[in-house]
Amino acid sequence: MSGYTHAEIEARWQKVWEEEKTFATPDTIDFDTPKFYVLDMFPYPSGVGLHVGHPLGYIATDIVARYKRMLGFNVLHPIGFDAFGLPAEQFAVEHGVHPRVTTEANINNMLSQLKRLGFSYDWDRVLATTDTGYYKWTQWIFLQLYNAYFDEVEGKARSIETLRNDLSAGARFIDSEGTVTFKPTPSSIRWPERTVDQQEEILSHVRLAYLAEVPVNWCPGLGTVLANEEVTADGRSERGNYPVFKRPLKQWMLRITTYSERLLDGLDDVEWPAPVKMMQENWIGKSTGARVRFPVVGFDAEIDVFTTRPDTLFGATYMVLAPEHPLVDSLATKDQREAVDGYRREASRKSDVDRASETREKTGVFTGGFAVNPTNGLEIPIWISDYVLMGYGTGAIMAVPAHDSRDFEFAQEFGLEIRPVIVPPMDWLREKQTTPEKYLEDVAAPGEAYSGSGIAVNSFNDDVVLDGLSTTEAKNKIIEWLEDTGSGKAHVQYKLRDWLFSRQRYWGEPFPILHGPDGSIRTVPEADLPVALPPMEDFRPEASDDPDAPPRPPLSRAPRSWREIEIDGVVYKRELNTMPQWAGSCWYYLRFIDPGNEDALVSPEKESYWMGTDGVDLYVGGVEHAVLHLLYARFWQKVLFDLDFVSCDEPFGRLVNQGYIQAYAYRDQRGIAVEADSVVDQDGRPASDVQDQKDRSYFYDGAPVTQEYGKMGKSLKNAVSPDEICEEFGCDTLRLYEMYLGPLEQSKPWNTRDIVGVNRFLKRVWRNYVNDDGSTRELTATESDETLKMLHGTIKRVTDDLDRMSFNTAIAALIEMNSFLMKRDTISRPTAETFLILLSPLAPHIAEELWNRFGNTTMISSQSWPSYDEKILKEDSITIPVQVNGKVRASISIEPSASKDDVLSVAREHESILKYTRDNSIVKEIYVPGKIVNLVVK
RNA sequence: GCCGGGAUGGCGGAAUAGGUAGACGCAACGGACUUAAAAUCCGUUGGGACAUUCGUCCCGUGCGGGUUCGAGUCCCGCUCCCGGUACCA
């Protein structure tokens, strides 16, 4: 046997690595050695198996893990499964098998696929969110959330117990809405005078986990409610694409909004891709401005609005409430009642899909009521319109049509007053072919609102004058006035909403919560955790086409012995909702550190070593988790940090998003995707051989098809399985190919045809060291200077490239070195072995095999990463280009240490240069040492 | 609309600090070996002009300007593509 038999080699070493636990991270470890925690985003154990796009990130992290081990780091490189939740459950429902069974089968299938790729995970740490030993601690964290609140005074979470003590002792004060303050305020209540039940009711307003009746995203198609993050822009479920309706339901919520500012601030401290930071920033959506109260004419009520432009208050000529606003009912006058009710009915019937799909034409109805503009005392009409959303701010706005495009459109539609209070800058006025005077006279003439900054005008009353002030100055001044007069105050508004945490599904973590007959809530004692999912034959959700049908969680059909529990003679009912998919993935990176711990979610010593101050050192995953998982996990981490369970505030210090693997796909005349595998061109050649060439037309089963290009997957029928590639070329080839495709972060096309390139490389490596008869090549003891130079140059290149995760260029360097070595008559043992070490993180099996054939009894992975010698890399002479007027005209050979004058005189004397300088004079001479000479002639 | 990211040969990509654009691989073409094919090896390969030869010159990193001795890289203005978001007051 002499050829490169990848199948046999790879199977053998995978077996050895697994049996000898080569890559297991010992439980007791030297904490003085620097650590490196490299993590892949938690995969779902999907039923359809992996395609070649999935392992892209895993290959990258595996290379880094192997590289860092050789550099002497303690490396933690675990893998596990996010196995609860909709995908697993939908798969189970579709196949009519219990999710426990399908989940287990899918995990085993995926584990064997991952093992076949030669990954150096610590297989002893594999976990799944569905393990009772795991979700015990998910439930435990929920209890911590329930028993904590966000203390505005300290800017961090504290336990409810501490708050109770502080309230009794007068160290904190609270109002009926749950605002906690350090000093008493007029609205603070007398805590000790309240009954325990009343106190509990007030505390429910501050707990980080709370039960509330709120308008939620109800998805009858899935039989469950969904988080905002799980609903697409066109109002459908991200999973399954079912319509989603707004509807009020009593649900568990997590008060993530209290962490808005911390979640925003923390982004400054992490090394993440800019787009992900941006998406989180936008999702949190911070706006600064003011809240202003407008008294309602005729009865004792005020409309509270939020505005980012309090400097335009004098220009508020009407108000608009969301149709669902609670004040609407009392505001509507007899004359307008019918119109108002009609509009509200219509608005409530519209799902978000309808609202989005309609043209943005403004609709609305006058309520008949008026409010008073607190700045100038003018009575302004109150309207309702669906362009004001109940879910943002206060659900009401002051309309400044002159300086807000939405208000402008609305005012134009209904003939409302438009009052200019800002003079736009001259540039804008010129563009609109107008002047300040003409603009103030007819503000609607430009056809749009001016919403930028400018100089305030028409803005004064007896106490305050804004006229002449810039927008920033005017804002400050009017806020001061609002606060003095009590009509408003500075306010920061966030777009982020609290996290809806209940799902009406079976396949999730049960809540450790009991409901008393009087409506009281009781937590399951820690000692009784986990609350295990009851085994159920019929676990299906009650899906329905009727958006008004009541949600019936599957657990309501669990045996009474599970649903009800008697404590001290009182019968409590268990919470029947389950936690959402994201719960388990919020903290799995902590459990990997100490997966078997039965006494704590993680031991503090191990946690502080592996998480340190910056958390996971390298986290690789898809950009699709930019807001959902990454925001939720950061939130939980911060709560656990505040409560002293973990040692760092941000869980993922460095994040890298891998790009998608894309591939050509083909659709028939009806627009239906056909198997890309079976498409041929006009000459009958497989499409995969010619797909990037010009003048090709494609056929499937004799009928013409059109070519497109997109993310590899089921829907486009263009998936390629890693199993096929491993079988034909070996997983070392697959690993190299996926990395050689281009930068990790970039999306790039899969081209099965190109794989032969890296496969040829590995075969050449093999032939270079293994003779035709299967014997190993004779290696010499000493090395030529030329080869040494090549070797050290390659060490430098590969090291630098791996440090910046530029795997494609590292492979190119190895290819170049191998091609160089193939041409040498002799190779020394150190050269050959060093080459294999450099190759081993990328193509571990062939490296281990050749290492072994050289007679080594140790594992190649236990070797130290080689270092290079700058002295060897130093050249005796280097070739540098000589430019004339910036164009290369010659190259000269110089000593690297040559002086500027020497180099320039050589350059000037060069035959090809004289041509250009003979008839001209040199006006400037530039020499960048070791790089270039440029002569400027005239 | 707004906010990000990007555009380099036939294709994937390289150029890390403003310093020889196109490393490395694929495909293509020519050649060697072979009865033949596969495999393997060698050579050519951004476009164009000139040259019998060594070669010489011009153009070229989406488009138009600019800064600089010198720009794929920096600045200004566009075009197109991809992603996110969408009446967020």
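Reminder, nothing fancy here: chain letters follow the sequence lines and each chain counts from 1.
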If you check the [X] side chain, which of [options] turns out closest?
{"X": "M279(A)", "options": "G84(B), C24(B), C26(B)", "result": "G84(B)"}
{"X": "I815(A)", "options": "U20(B), C24(B), A27(B)", "result": "C24(B)"}
{"X": "P275(A)", "options": "G4(B), A15(B), U20(B)", "result": "G4(B)"}
{"X": "Y392(A)", "options": "A14(B), C24(B), A89(B)", "result": "A89(B)"}
{"X": "R889(A)", "options": "C42(B), U40(B), C57(B)", "result": "C57(B)"}
{"X": "V936(A)", "options": "G12(B), C69(B), C42(B)", "result": "C69(B)"}
{"X": "T809(A)", "options": "A89(B), C24(B), A14(B)", "result": "A14(B)"}
{"X": "K763(A)", "options": "G84(B), A89(B), U40(B)", "result": "U40(B)"}

[atom1] of [X] versus [atom2] of [N]: gap in Å, rounded?
{"X": "Y494(A)", "N": "A89(B)", "atom1": "OH", "atom2": "P", "result": "13 Å"}
{"X": "N751(A)", "N": "C24(B)", "atom1": "CG", "atom2": "P", "result": "20 Å"}
{"X": "L313(A)", "N": "A89(B)", "atom1": "CG", "atom2": "P", "result": "16 Å"}
{"X": "K931(A)", "N": "A17(B)", "atom1": "NZ", "atom2": "P", "result": "10 Å"}
{"X": "W283(A)", "N": "U85(B)", "atom1": "CH2", "atom2": "P", "result": "7 Å"}
{"X": "R760(A)", "N": "C24(B)", "atom1": "CZ", "atom2": "C1'", "result": "14 Å"}
{"X": "N282(A)", "N": "C3(B)", "atom1": "CG", "atom2": "P", "result": "10 Å"}

Rounded [atom1] spacing from [N] to [M] in Å:
{"N": "U85(B)", "M": "G48(B)", "atom1": "P", "result": "46 Å"}
{"N": "G70(B)", "M": "G13(B)", "atom1": "P", "result": "32 Å"}
{"N": "A71(B)", "M": "G18(B)", "atom1": "C1'", "result": "7 Å"}
{"N": "C63(B)", "M": "C50(B)", "atom1": "C1'", "result": "31 Å"}
{"N": "C58(B)", "M": "A32(B)", "atom1": "P", "result": "38 Å"}
{"N": "A23(B)", "M": "G12(B)", "atom1": "C1'", "result": "13 Å"}
{"N": "G9(B)", "M": "G60(B)", "atom1": "C1'", "result": "10 Å"}
{"N": "U34(B)", "M": "U16(B)", "atom1": "C1'", "result": "47 Å"}

Quick one: classify the glycosidic conformation of G31(B) as syn or anti, with syn meaning within 90° of 0.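 Here the answer is anti: the torsion falls beyond 90° from 0.
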Base-pairing assignment for [N] (Watson-Crick or G-U wobble, both under 3.5 Å):
{"N": "U40(B)", "answer": "A32(B)"}
{"N": "A71(B)", "answer": "none"}
{"N": "C78(B)", "answer": "G62(B)"}
{"N": "C2(B)", "answer": "G84(B)"}

Does the C69(B) base have a donor-acceptor partner in the side chain of N934(A) within less than 3.5 Å?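 Pair found.
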Relative to F410(A), does K362(A) satisfy both conditions: NZ or CZ under 6.0 angstrom from the six-membered ring centre, and within 45 degrees of the ring's axis?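 Negative - K362(A) is either too far from the ring of F410(A) or too far off its axis.
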Answer yes if the side chains of [X] and [Y] hold a donor-acceptor pair under 3.5 Å, and no otherwise.
{"X": "D803(A)", "Y": "Y67(A)", "answer": "yes"}
{"X": "Y392(A)", "Y": "S287(A)", "answer": "yes"}
{"X": "D407(A)", "Y": "Y387(A)", "answer": "yes"}

Sole candidate of D801(A), L873(A), L791(A) that passes side chain to side chain contact (heavy atoms under 4.5 Å, CB included) when paired with K796(A):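 Single pass found, and it is L873(A).
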